[in-house]
Amino acid sequence: MHFSIPETESRSSESGAQYVAYNIHVNGVLHCRVRYSQLLGLHEQLKKEYGNNVVPAFPPKKLFTLTPAEVEQRREQLEKYMQAVRQDPVLGASESFNSFLRHSQQETQQIPTEEVQLEVFLSNGQKVKVSILTSDQTEDVLEAVTSKLDLPEDLVGYFSLYLIKDTSDGSFSFVRKLQEFELPYVSLTSLRSREYKIILRKSYWDSSYDEDVMENRVGLNLLYAQAVSDVERGWVLVTKEQHRQLKSLQEKVSKKEFIQLAQTLKYYGYIKFEPCITDFPEKGCHVIVSAGNNELNFQVKLPNEQMKEGSFKVTRMRCWRVTSSMPFSNGSGSPNKTDVRLELAFEYLMSKDRLQWITISSPQAIMMSICLQSMVDELMVKKSGGSIKKDSPDSSREPIVKLSSKLSSVSLRGISTSSSTGDMSADDFHGNYAFEGIGDDDL
């Protein structure tokens with residue numbers, strides 16, 4: 001997740017006293033607005049639970065009113081603190097940290113705790129209305145939806161909730177996978193637009209897991225609806241003959257056979273992103289990126305109008321990072337929010353002895369990063385002999401959860417001229433543990 005504190009606000013308390021509020025953004029969107037004292041309270045709680053040796057240093061208190069320069073310095077320090085906590089495998093997954101963010105989100109949006117109806121969509125457009133509390137976290141909402149659908153509890157772990165945005169062509173684009181530190185109802189309501197929706201989709205990449213899900217009637221229906229939708233949207237590559245076969249199976253309502261045929265098709269189970277820009281094979285190329293099958297697939301339009309396709313395996317990415325570039329405007333030092341640009345960059349093993357940085361500029365860079373991380377999570381679970389079923393033993397899953405939080409990192413920079421990978425510090429990326437485990441046979 002991309003945590004940043006790009007700005008502060010001067011606000012008044014109920015007593016009329018002035019204070020500085022720090023706006024915490026997640027994925028470039030305002031998540032919550034907090035005071036220094038609230039963050040200090042979180043810090044003290046984390047220290048109490050985990051000790052001084054685990055919790056990063058916190059910006060010290062000041063006796064006198066801060067000057068503008070000191071406010072900016074504290075903002076930078078708090079941003080680094082929040083990023084350090086989130087990236088720590090223990091602290092970032094802690095209930096103290098995540099409940100702090102959930103409570104702060106609800107408080108900032110001024111949404112009281114009450115029972116509401118929330119609409120969650122399935123891939124075929126069907127709505128599932130569930131009664132939840134506005135304060136219910138993502139896991140609670142997911143369980144409410146799957147319970148309403150009668151999906152067995154042990155299959156819940158195969159699915160996730162995603163925030164999507166309708167597009168003008170009748171399709172949709174992925175914004176992000178809903179996380180444990182947010183309240184889905186509040187996240188959706190705060191966007192104040194009917195273009196945004198929450199959708200239920202499968203959360204795994206390995207199509208062999210389909211067999212587990214298809215054993216259940218509800219699971220089969222969910223996978224079938226997603227497969228039909230992805231084919232109709234053109235996300236799966238289908239020849240005329242394959243399309244005819246799929247149509248015939250659809251008319252017969254042969255759901256399992258439809259999925260089994262779809263599994264053999266190119267891009268089955270992939271997530272397709274909006275057109276964006278890459279520097280591979282050369283700068284300024286337009287590209288359509290898809291994520292699936294433990295890879296990022298590129299369909300690149302070259303300057304000479306030629307189309308080329310290539311794939312980048314996650315096991316050959318040494319590391320990756322997401323950066324948010326916020327150019328300074330008018331020399332004032334204040335970021336111009338309309339110019340924020342997100343980039344995903346990964347270092348790729350092009351040959352046995354050659355690594356190369358490849359950059360994608362896209363508003364969906366965060367979602368791409370989440371896809372990469374979940375692919376590595378899945379690879380590590382399989383390598384350890386674990387399962388993604390909800391009833392799998394905690395002892396087999398805990399190391400995977402802790403490991404996965406180290407796999408990608410993000411940073412927020414205010415830059416005036418350059419956003420190249422060359423001016424990044426060594427602390428701005430983390431290693432990919434799946435990469436470190438491969439050998440010559442995998443190259």
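- Within a 6.0 Å sphere centred on CZ of R233, heavy atoms belonging to other residues, nucleotides or ligands number more than 12.
- For the residue pair Y185/Q106, the side-chain donor-acceptor check at 3.5 Å is not satisfied.
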When the side chains of residues 196-203 are checked against the rest of the protein, which donor-acceptor pairs come out under 3.5 Å, sequence neighbours left out?
unit_1 : atom_1 : unit_2 : atom_2 : d
K197   : NZ     : D166   : OD2    : 2.4
R201   : NH1    : D230   : OD1    : 3.3
R201   : NH2    : D230   : OD2    : 3.2
K202   : NZ     : D210   : OD1    : 3.3
K202   : NZ     : Y268   : OH     : 3.4
S203   : OG     : G157   : O      : 3.4
S203   : OG     : Y158   : O      : 3.2

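- Note: F346 and F298 have perpendicular aromatic rings, judged against thresholds of 30 and 60 degrees for the angle between ring planes.
- The closest side-chain heavy-atom distance from V34 to F100 is below 4.5 Å.
- Shown here for L296 and A291, the closest heavy-atom pair between the two residues is CD2-CB, 3.8 Å.
- When all heavy atoms of G292 and W205 are compared, the pair lying nearest together is CA-CE3, 3.6 Å.
- Expressed to the nearest 0.5 Å, how far OG of S207 lies from CG of L223 amounts to 10.5 Å.
- In this structure, I277 and V287 have side chains that are not in contact, with every pair of non-hydrogen atoms separated by 4.5 Å or more.
- Note that the NZ atom of K148 and the CD atom of E143 stand 15.5 Å from one another [nearest 0.5 Å].
- Here the shortest heavy-atom pairing between S135 and L183 reads O-CD2, 3.4 Å.
- Counting heavy atoms of neighbouring residues, nucleotides and ligands inside a 6.0 Å radius, atom NZ of K301 does not exceed 12 of them.
- Proximity of F121 to V128: side-chain heavy atoms (C-beta onward) are nowhere separated by under 4.5 Å.
- Proximity of a side-chain donor or acceptor of S94 to a complementary backbone N or O of L91 within less than 3.5 Å is detected.
- Taking the ring centroids of F312 and F280, they lie under the 6.0 Å cut-off.
- Of the N and O atoms on the side chains of T189 and Q109, not one donor lies less than 3.5 Å from an acceptor on the other residue.
- Rounded to the nearest 0.5 Å, atoms CD (Q373) and NZ (K177) are 9.0 Å apart.
- Judged purely by atom type and a 3.5 angstrom limit, T108 has no side-chain atom pairing as donor or acceptor with the backbone of Q105.
- Between L372 and L344 the shortest side-chain heavy-atom distance falls below 4.5 Å.
- Between the side chains of Q87 and Q83, no donor-acceptor pair of N or O atoms lies under 3.5 Å.
- Side-chain contact of S104 with Q38: a donor-acceptor pair under 3.5 Å is absent, judged by distance alone.
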For this session: Please step through side chain to side chain contact (heavy atoms under 4.5 Å, CB included) for the pair L246 and V238, ending with a clear verdict.
Result: CA-CA 9 Å; L246 289 170; V238 183; 4.1 Å; yes
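- A heavy-atom distance below 4.5 Å is found between the side chains of L265 and Q242.
- Looking at heavy atoms from C-beta onward, M367 lies in side-chain contact with I271 at the 4.5 angstrom threshold.
- In this structure, S229 contributes its side chain and A225 its backbone to no donor-acceptor pair below 3.5 Å.
- The CG atom of D140 sits 12.5 Å away from the CD atom of E180 when rounded to the nearest 0.5 Å.
- For the pair V289/M368, a side-chain contact is recorded, criterion being any heavy-atom separation below 4.5 Å from C-beta on.
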Problem set entry | Residues K382, E378; criterion salt bridge (charged side-chain N to carboxylate O under 4.0 Å, His left out); working and verdict | CA-CA 6 Å; K382 293 198 80 171; E378 199 170 293; over 6 Å; no
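- Under the 4.5 Å side-chain criterion, counting only non-hydrogen atoms from C-beta, L178 is not in contact with V141.
- The CD atom of Q137 lies 12.0 Å from the CG atom of L101; values are rounded to the nearest 0.5 Å.
- Side-chain atoms of T134 come within 3.5 Å of backbone N or O of E114 as a donor-acceptor pair.
- Note on E76 versus K80: no salt bridge recorded, every NZ/NE/NH1/NH2 to OD/OE distance being 4.0 Å or above.
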For this session: I would like to know whether F258 and V228 meet side chain to side chain contact (heavy atoms under 4.5 Å, CB included); could you show each step before the answer?
Result: CA-CA 8 Å; F258 184 99; V228 170; 3.7 Å; yes
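- Expressed to the nearest 0.5 Å, how far CD1 of I132 lies from CD of E115 amounts to 9.5 Å.
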Problem set entry | Audit row: H286, V300, side chain to side chain contact (heavy atoms under 4.5 Å, CB included) steps and yes/no | CA-CA 6 Å; H286 292 263; V300 182; over 6 Å; no
Exercise. When you look at L342 and T323, which way does the side chain to side chain contact (heavy atoms under 4.5 Å, CB included) test go after all the steps?
Worked result: CA-CA 6 Å; L342 287 172; T323 56; over 6 Å; no
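- Salt-bridge annotation for K247 and E251: absent, with no side-chain N of the basic residue lying under 4.0 Å from a carboxylate O of the acidic one.
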Exercise. Can F181 and F97 be said to form a ring-ring contact (aromatic ring centres under 6.0 Å, His included), step by step?
Worked result: CA-CA 8 Å; F181 57 77; F97 180 64; 7.7 Å; no
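- Legend: salt bridge (charged side-chain N to carboxylate O under 4.0 Å, His left out) pairs involving residues 252-268, not counting sequence neighbours, sorted by first then second residue: K266-E309.
- Between the side chains of T138 and E182, no donor N or O sits under 3.5 Å from an acceptor N or O.
- In this structure, the side chain of S290 does not engage the main chain of N297 through any donor-acceptor pair within 3.5 Å.
- No side-chain donor-acceptor contact under 3.5 Å links D169 and S171.
- Side-chain atoms of R354 and Q356 include a donor-acceptor pair closer than 3.5 Å.
- Residues C285 and L302 come closest through the heavy atom pair SG-CD2, 4.2 Å.
- Using modelled atom types, no side-chain atom of T278 and backbone atom of I360 make a donor-acceptor pair closer than 3.5 Å.
- Seen from the ring of W357, R318 does not count as a face-on cation partner, given the 6.0 Å and 45° thresholds.
- Pairing each heavy atom of C32 with each of L30, the nearest pair is O-CD1, 3.5 Å.
- Side chain of D136 to main chain of L133: a donor-acceptor pair is present (N/O by atom type, distance under 3.5 Å, no hydrogens or angles).
- Here the closest non-hydrogen pair linking K272 and F174 is O-CD1, 4.5 Å.
- Between the side chains of N293 and E295, not a single donor N or O lies within less than 3.5 Å of an accepting N or O.
- In this structure, T146 contributes its side chain and L142 its backbone to a donor-acceptor pair below 3.5 Å.
- Residues R102 and E95 are paired through a salt bridge, judged by an N-O separation under 4.0 Å between the basic side chain and the carboxylate.
- The backbone N or O of G92 sits less than 3.5 Å from a side-chain atom of R86, completing a donor-acceptor pair.
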